[in-house]
**Student:** 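Right, I'll just put the structure down here and ask away after.
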Amino acid sequence: MPRIEPSVVLELPPRGSVVPATLGDGTPLWLVHREDGTVSVFSALIPRTSDSARVGFTHWLPTMRRFIGAYVWDDRGTVLGNQGWDACTGECPSTDDMPDSARDLDAFQVERLEGETARIRVGAPIAGAWRRMPRSPLPSWTEEPREDITPPLSLGQALALPEGTIVNVRGTAVLASASPPRVCERHDSWSCCAEGNPRLYDVDGIPLRSVGLEVYSHGFALLRRYRDGFVQYDVGAKLDAPHAGGHLSITPPQDLSIWDPTQPPRVPICK
């Protein structure tokens with residue numbers, strides 16, 4: 001993967017503000033300028049607490065001055081506890097099953113720059129420390145207004161960025177039998193991506209089977225620009241469970257037993 005310089009210079013917002021920003025390589029951030037004048041820059045990604053490759057975003061609750069996203073953090077990035085909920089679709093998890101430790105938000109070194117305009121240079125990352133916390137979830141604040149990171153880009157906007165840029169794309173990864181994985185904006189869970197849509201290069205496709213064409217869609221938080229398409233934020237990671245999937249009836253080729261699924265399909269796909 002091409003490497004893009006992550007360091008970036010950001011203008012400070014007014015005191016008391018928390019605003020979204022990005023590193024030079026596109027990594028999403030939260031920039032915190034507190035009333036006392038202190039400044040922090042945090043990754044907008046939920047800190048990992050396991051080997052899972054799943055990527056999730058934190059959200060900012062301005063009325064509570066808290067970050068939430070599976071856990072709850074204060075505006076200094078310190079983890080306070082498990083995030084609460086309003087209702088459970090099934091039986092709520094037992095308190096004994098809740099984590100009793102998690103990580104502070106990942107942060108970045110900050111250097112204040114001289115000049116009339118208050119600016120900072122964002123530098124090297126600082127991994128969030130592990131911290132013990134109560135198992136019992138904190139009260140749910142789902143009724144409070146929340147602020148998110150910068151809205152996702154369209155496919156066209158993302159493809160116009162340099163190779164290697166980390167992007168939050170408005171789209172879905174679609175895997176269909178005998179077709180390379182692609183990224184597109186779909187209107188229903190049964191449609192495929194058109195052949196002209198960008199490739200998802202580090203994900204294997206689905207072989208064509210005698211039962212017919214399989215189509216599965218997967219969500220993602222971040223991708224990286226690569227060639228004429230994308231790779232995952234964690235290159236080569238296994239995709240999460242699909243959002244939707246199923247079979248479409250097609251007539252398989254007569255030479256299915258010796259057909260090479262890495263070659264372009266010789267049967268109509270997703271028509």
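Heavy-atom basis, side chains included; hydrogens, waters and symmetry copies ignored. FYI, the numbering just counts along the sequence from 1. Just so we're clear, the structure is a prediction, and the values are computed from it rather than from any experiment.
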**Student:** Mind telling me whether Phe67 and Phe42 have parallel, tilted or perpendicular rings, with 30° and 60° as the class edges?
**Tutor:**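 Judged by the thresholds at 30° and 60°, the geometry between Phe42 and Phe67 is perpendicular.
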**Student:** Under the criterion side chain to side chain contact (heavy atoms under 4.5 Å, CB included), I'd like the reasoning laid out for Gln232 against Val55: C-alpha separation, chi angles, the key distance, then a yes or no.
**Tutor:** CA-CA 10 Å; Gln232 296 180 92; Val55 176; over 6 Å; no
**Student:** Can you name the nearest heavy-atom pair linking Met133 to Pro99, along with the distance?
**Tutor:**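 Where Met133 meets Pro99 most closely, the heavy atoms are CE-O, 3.7 Å.
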**Student:** Between Pro137 and Met98, what is the shortest heavy-atom contact and its length?
**Tutor:**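 Scanning both residues, the minimum pair turns out to be CB-CE, 4.4 Å.
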**Student:** State whether the side chain of Asp106 and the backbone N or O of Gly128 hold a donor-acceptor pair below 3.5 Å, judged by distance alone.
**Tutor:**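 A pair under 3.5 Å: yes.
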**Student:** Provide the closest heavy-atom pair for Arg103 versus Val79 in the form atom of the first, atom of the second, distance.
**Tutor:**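 Of all heavy-atom pairs spanning Arg103 and Val79, the closest is O-CB, 3.6 Å.
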**Student:** Sequence neighbours left out, cut at 3.5 Å: what donor-acceptor pairs do the side chains of residues 107-114 make with other protein atoms?
**Tutor:**
from, atom 1, to, atom 2, distance (Å)
Glu111, OE1, Arg121, NH1, 3.3
Arg112, NH2, Gly37, O, 2.5

**Student:** Determine whether Pro47 and Leu105 make a side-chain contact, defined as any pair of heavy atoms from C-beta on separated by less than 4.5 Å.
**Tutor:**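 Heavy-atom side-chain distance check passes, below 4.5 Å.
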**Student:** So, the side chain of Ser17 versus the backbone of His33: is there a donor-acceptor pair under 3.5 Å, distance only?
**Tutor:**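 No.
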**Student:** What side-chain donor-acceptor pairs closer than 3.5 Å can you find for residues 161-173, not counting sequence neighbours?
**Tutor:**
from, atom 1, to, atom 2, distance (Å)
Glu163, OE2, Arg227, N, 3.0
Thr165, OG1, Pro162, O, 2.7
Arg170, NH1, Pro152, O, 3.4

**Student:** Would you mind reporting whether Pro28 and Thr150 have side-chain heavy atoms less than 4.5 Å apart?
**Tutor:**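 No. Closest side-chain heavy atoms not under 4.5 Å.
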**Student:** So do Thr63 and Pro145 actually touch side chain to side chain, heavy atoms under 4.5 Å?
**Tutor:**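 Pro145 vs Thr63: side chains touch.
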**Student:** What distance separates Ser140 OG from Ile68 CD1, expressed to the nearest 0.5 Å?
**Tutor:**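 One finds 7.5 Å between OG of Ser140 and CD1 of Ile68.
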**Student:** Could you grab the distance from atom CD of Glu185 to atom CG of Leu155, nearest 0.5 Å is fine?
**Tutor:**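 The CD atom of Glu185 sits 5.0 Å away from the CG atom of Leu155.
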**Student:** Using 0.5 Å steps for rounding, measure from the CG atom of Asp148 to the CH2 atom of Trp30.
**Tutor:**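 Reported value, rounded in 0.5 Å steps: 6.5 Å.
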**Student:** So, the side chain of Asp25 versus the backbone of Pro6: is there a donor-acceptor pair under 3.5 Å, distance only?
**Tutor:**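 Absent.
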**Student:** Please state whether the rings of Trp73 and Tyr71 are parallel, tilted or perpendicular, taking 30° and 60° as the class boundaries.
**Tutor:**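 Rings of Trp73 and Tyr71: perpendicular, as their planes differ by over 60°.
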**Student:** Quick check: is Met64 connected to Leu138 through a chain of hydrophobic side chains (ILVMFWY, heavy atoms under 4.5 Å apart)?
**Tutor:**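 Yes; tracing contacts between hydrophobic side chains, which count when under 4.5 Å, links both residues.
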**Student:** Where the side chain of Arg182 meets the backbone of Asn197, is there a donor-acceptor pair that is under 3.5 Å apart?
**Tutor:**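 Pair found, side chain donor or acceptor close to backbone of Asn197.
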**Student:** Taking the hydrophobic residues Ile, Leu, Val, Met, Phe, Trp and Tyr, and joining any pair whose side-chain heavy atoms are under 4.5 Å apart, which ones share a cluster with Ile4?
**Tutor:**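 Same cluster as Ile4: nobody, lone residue.
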**Student:** With no hydrogens and no angle check, is any side-chain donor or acceptor of Glu144 less than 3.5 Å from a backbone partner on Leu61?
**Tutor:**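 Looks like no, no N/O pair under 3.5 Å.
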**Student:** Are Val72 and Trp141 close enough that some pair of their side-chain heavy atoms sits under 4.5 Å apart?
**Tutor:**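 The answer is yes; the side chains approach within 4.5 Å.
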**Student:** Apply side chain to side chain contact (heavy atoms under 4.5 Å, CB included) to residues Ser40 and Arg34 and explain how you reach the verdict.
**Tutor:** CA-CA 9 Å; Ser40 294; Arg34 304 180 190 89; 2.7 Å; yes
**Student:** Given 3.5 Å as the limit, does a donor-acceptor pair link the side chain of Asp74 with the main chain of Arg66, or not?
**Tutor:**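 Pair absent, no side-chain N/O of Asp74 close to backbone of Arg66.
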**Student:** Where do Ile206 and Leu175 come nearest, in terms of heavy atoms and distance?
**Tutor:**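 Minimum heavy-atom contact is CD1-O, 3.6 Å.
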**Student:** Using 30° and 60° as the class boundaries, would you call the ring planes of Tyr226 and Tyr201 parallel, tilted or perpendicular?
**Tutor:**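 The rings of Tyr226 and Tyr201 stand perpendicular, inter-plane angle above 60°.
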**Student:** Under the side chain to side chain contact (heavy atoms under 4.5 Å, CB included) criterion, do Leu223 and Leu200 qualify, and how do the steps go?
**Tutor:** CA-CA 9 Å; Leu223 296 175; Leu200 185 58; 4.1 Å; yes
**Student:** Name the one of Leu10, Leu31, Leu29 that satisfies side-chain contact (heavy atoms from CB on, under 4.5 Å) with Val19?
**Tutor:**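 When Leu10, Leu31, Leu29 are each tested with Val19, the side-chain contact (heavy atoms from CB on, under 4.5 Å) holds only for Leu31.
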**Student:** Rounded to the nearest 0.5 Å, what separation is found between the NE2 atom of His218 and the NZ atom of Lys238?
**Tutor:**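 Answer rounded to 0.5 Å: 10.5 Å.
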**Student:** Do any N or O atoms from the side chain of Arg65 and from the backbone of Gly16 form a donor-acceptor pair under 3.5 angstrom?
**Tutor:**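 Indeed, once roles are kept as given, a pair shorter than 3.5 Å links the two residues.
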**Student:** Of the non-hydrogen atoms in Asp36 and Arg15, which two are nearest, and what is the gap between them?
**Tutor:**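 What the structure gives for the nearest pair is C-NH1, 3.7 Å.
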**Student:** Short question: side chain of Thr58, backbone of Ala44 - any donor-acceptor pair under 3.5 Å?
**Tutor:**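 Confirmed, Thr58 side chain pairs with Ala44 backbone.
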**Student:** Report the distance from atom CG of Asp240 to atom CZ of Phe220, rounding to the nearest 0.5 Å.
**Tutor:**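 So the CG of Asp240 and the CZ of Phe220 are separated by 12.0 Å.
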**Student:** Just wondering, do Leu239 and Pro181 contact through their side chains at under 4.5 Å, heavy atoms?
**Tutor:**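 Answer no - side chains too far apart.
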**Student:** So, does Asp100 use its side chain to make a donor-acceptor pair with the main chain of Arg135 at under 3.5 Å?
**Tutor:**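 Not at all, since once roles are kept as given, no pair shorter than 3.5 Å links the two residues.
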**Student:** Do the side chains of Leu159 and Pro198 get nearer than 4.5 Å, heavy atoms only?
**Tutor:**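 When only atoms from C-beta onward are counted, Leu159 and Pro198 do touch, with a gap below 4.5 Å.
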**Student:** Is it possible for you to check whether Arg224 lies under 6.0 Å from the centre of the six-membered ring of Phe230, through NZ or CZ, and within 45° of that ring's axis?
**Tutor:**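 Arg224 over Phe230 ring: no.
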**Student:** Keeping the roles fixed (side chain from Arg199, backbone from Gly229), state whether a donor-acceptor pair exists under 3.5 Å.
**Tutor:**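 Not at all, since once roles are kept as given, no pair shorter than 3.5 Å links the two residues.
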**Student:** Determine the minimum heavy-atom distance between Pro62 and Glu147, stating which atoms define it.
**Tutor:**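 Result for this residue pair: CG-OE2, 3.7 Å.
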**Student:** As a quick check of understanding, evaluate side chain to side chain contact (heavy atoms under 4.5 Å, CB included) for Val174 and Tyr216, giving each step before the final call.
**Tutor:** CA-CA 6 Å; Val174 178; Tyr216 292 93; over 6 Å; no
**Student:** Measure the CZ-CG distance between Arg48 and Asp234 for me, rounded to the nearest 0.5 Å.
**Tutor:**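 Taking CZ in Arg48 and CG in Asp234, the distance rounds to 4.0 Å.
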